[in-house]
Amino acid sequence: EFYDRFQEMVDNKLNVVFPDWLYSPFGIATHLRGLTNLLMDLHINPEWVHKLLRFIVDGRKEWVLARAKFLDKKIDKTRLFNDEVDCPVISPANYRDIILPYELEIEQLHSGIIYFHSCGNLTKLMHEIRKIRSLEMLHIGPWTDMDKAKDVFGDDTVFDICLNPVDDVLKATKE
């Protein structure tokens, strides 16, 4: 109803965008459980975390399919906003074994992930993130090793490079 009313209000003079689902499954799980509880769950009861992620991904699949049907459009490539994916908070093994498989399902559903965002340190996770073959752009925050990113991703992936707000802006010299 909300979408339809906006469509009427703009009288086809503007393109009204129906919201997209951008948060990653692990990000939503973090918002549902809280980071501390979810990290404990990863170690105490990883099977429960798999069930939670399965529930989230299945919900996303239903929503994405219903959105495409409602809009009468094909399912577009998507983006993953993944600030909760940060090493050393998440180990490379936990990312590989528990988080990545669900992101790969999302890649398949959307026929591609065009952007992967995490403000955290992705340096030790890059080889696993590289398994998202369709990835077009990777967020490189100030804590991720740029040289390592170049080595792992080569020229296949565009980098969205963010400055360190303290070191690169506040403490920067004029030079």
Side-chain angles (χ1 to χ4, degrees), residues 15 17-31 35 38-39 42 46 49-50 52-54 56-65 67-68 71 73-172 175:
N15 180 26
V17 178
F18 195 93
D20 200 356
W21 186 322
L22 301 176
Y23 273 101
S24 71
F26 191 74
I28 291 173
T30 300
H31 289 278
L35 183 59
L38 188 59
L39 292 175
L42 280 171
V49 176
H50 275 290
L52 177 59
L53 293 173
R54 166 61 38 224
I56 292 166
V57 169
D58 289 347
R60 180 178 179 142
K61 286 179 179 179
E62 285 182 38
W63 190 87
V64 166
L65 291 169
R67 178 183 183 270
L71 296 174
K73 293 183 178 179
K74 70 178 186 65
I75 297 171
D76 294 326
K77 291 182 179 182
T78 194
R79 296 163 296 285
L80 282 183
F81 286 80
N82 239 341
D83 277 342
E84 298 76 13
V85 171
D86 174 22
C87 188
V89 175
I90 301 297
S91 72
N94 276 340
Y95 181 75
R96 178 191 65 233
D97 298 338
I98 298 176
I99 299 168
L100 180 63
Y102 299 99
E103 293 178 350
L104 293 175
E105 274 190 57
I106 290 168
E107 177 185 33
Q108 186 175 18
L109 171 68
H110 286 271
S111 299
I113 294 174
I114 57 175
Y115 181 64
F116 186 104
H117 174 93
S118 174
C119 289
N121 186 344
L122 299 178
T123 305
K124 292 184 180 179
L125 304 173
M126 285 186 196
H127 286 288
E128 298 305 324
I129 294 169
R130 186 70 174 118
K131 292 177 182 173
I132 302 171
R133 292 290 173 202
S134 62
L135 189 60
E136 295 177 24
M137 183 182 290
L138 177 67
H139 178 94
I140 303 290
W143 298 274
T144 297
D145 184 327
M146 173 60 81
D147 292 329
K148 174 86 173 190
K150 289 179 196 174
D151 290 343
V152 172
F153 289 91
D155 295 332
D156 297 341
T157 307
V158 174
F159 297 141
D160 174 23
I161 303 169
C162 289
L163 301 174
N164 181 313
V166 175
D167 296 342
D168 299 332
V169 179
L170 292 176
K171 293 183 179 179
E175 292 77 30

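Only this structure's heavy atoms are used, side chains among them; waters, hydrogens and symmetry mates stay out.
- Across all their heavy atoms, Val85 and Ser118 have their closest contact at O-OG, 2.6 Å.
- Judged by distance alone, the side chain of Arg67 and the main-chain N or O of Pro19 form a donor-acceptor pair under 3.5 Å.
- Between Leu39 and Val89, some side-chain heavy-atom pair lies under the 4.5 Å cut-off.
- Looking only at side-chain heavy atoms (C-beta outward), Leu42 and Phe26 come within less than 4.5 Å of each other.
- Between Phe18 and Trp63, the ring planes are tilted. Angles from 30° to 60° get that label.
- For the atom pair Ile98 CD1 and Asn94 CG, the distance stands at 4.5 Å (nearest 0.5 Å).
- Using modelled atom types, one finds a donor on one side chain and an acceptor on the other under 3.5 Å when comparing Ser24 with Asn82.
- Inter-residue side-chain proximity for Asn164 and Val169 is flagged as unmet; no heavy-atom pair is nearer than 4.5 Å.
- Asp156 approaches Arg130 most closely through the heavy-atom pair OD2-NH2, 2.7 Å.
- Side-chain atoms of Pro25 and Ile106, non-hydrogen and from C-beta on, do get closer than 4.5 Å to each other.
- Here the closest non-hydrogen pair linking Leu125 and Pro92 is CD2-CA, 3.5 Å.
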Can you check ring pair (Phe, Tyr, Trp, His ring centres under 6.0 Å) on Phe116 and Phe81, steps first, answer last?
-> CA-CA 6 Å; Phe116 186 104; Phe81 286 80; 9.6 Å; no

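- The heavy-atom pair separating Asp20 from Thr78 by the smallest distance is OD2-OG1, 4.1 Å.
- Under a 3.5 Å cut-off, the side chain of Thr144 and the backbone N or O of Leu122 do form a donor-acceptor pair.
- Between the side chain of Thr157 and the backbone N or O of Leu138, no donor-acceptor pair lies under 3.5 Å.
- When side chains are defined from C-beta on, Met126 counts as touching Lys148, because their heavy atoms get closer than 4.5 Å.
- Shortest non-hydrogen contact noted between Tyr23 and His31 is CE2-NE2, 4.0 Å.
- Counting only residues at least two apart or on different chains, the ring pair (Phe, Tyr, Trp, His ring centres under 6.0 Å) pairs with a member in residues 82-108 are His50-Tyr102.
- Residue Phe153 qualifies as enclosed at atom CZ: its count of foreign heavy atoms under 6.0 Å is above 12.
- Distance check: Leu170 CG to Leu163 CG gives 11.0 Å after rounding to the nearest 0.5 Å.
- Checked by atom type, the side-chain pair Asp76/His110 shows no donor-acceptor distance below 3.5 Å.
- Atom CD1 of Ile113 is separated from atom CG of Leu135 by 7.5 Å, given to the nearest 0.5 angstrom.
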Derivation and outcome, side-chain contact (heavy atoms from CB on, under 4.5 Å), residues Leu38 and Val49 = CA-CA 8 Å; Leu38 188 59; Val49 176; 4.2 Å; yes

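- One distance of note links CD of Glu136 with CG of Asp160; it measures 13.5 Å at 0.5 Å rounding.
- The line from CD1 of Ile129 to CD of Glu103 is 7.5 Å long, rounded to the nearest 0.5 Å.
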Take Lys131 and Arg96 through the side-chain contact (heavy atoms from CB on, under 4.5 Å) test and state the conclusion after the steps.
-> CA-CA 10 Å; Lys131 292 177 182 173; Arg96 178 191 65 233; 4.2 Å; yes

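- Here Leu104 pairs with Leu100, Glu107, Ile132 under the side chain to side chain contact (heavy atoms under 4.5 Å, CB included) rule; sequence neighbours left out.
- Expressed to the nearest 0.5 Å, how far CG of Asn121 lies from CG of Asp86 amounts to 6.0 Å.
- A salt bridge links Lys61 with Glu105: the distance from a Lys NZ or Arg NE/NH1/NH2 to an Asp or Glu carboxylate oxygen falls below 4.0 Å.
- Nearest heavy atoms, Val64 versus Ile75: CG1-CG2, 3.6 Å.
- A donor-acceptor pair is defined here as one N or O able to donate and one able to accept, closer than 3.5 Å; no such pair exists between the side chain of Ser111 and the backbone of Lys77.
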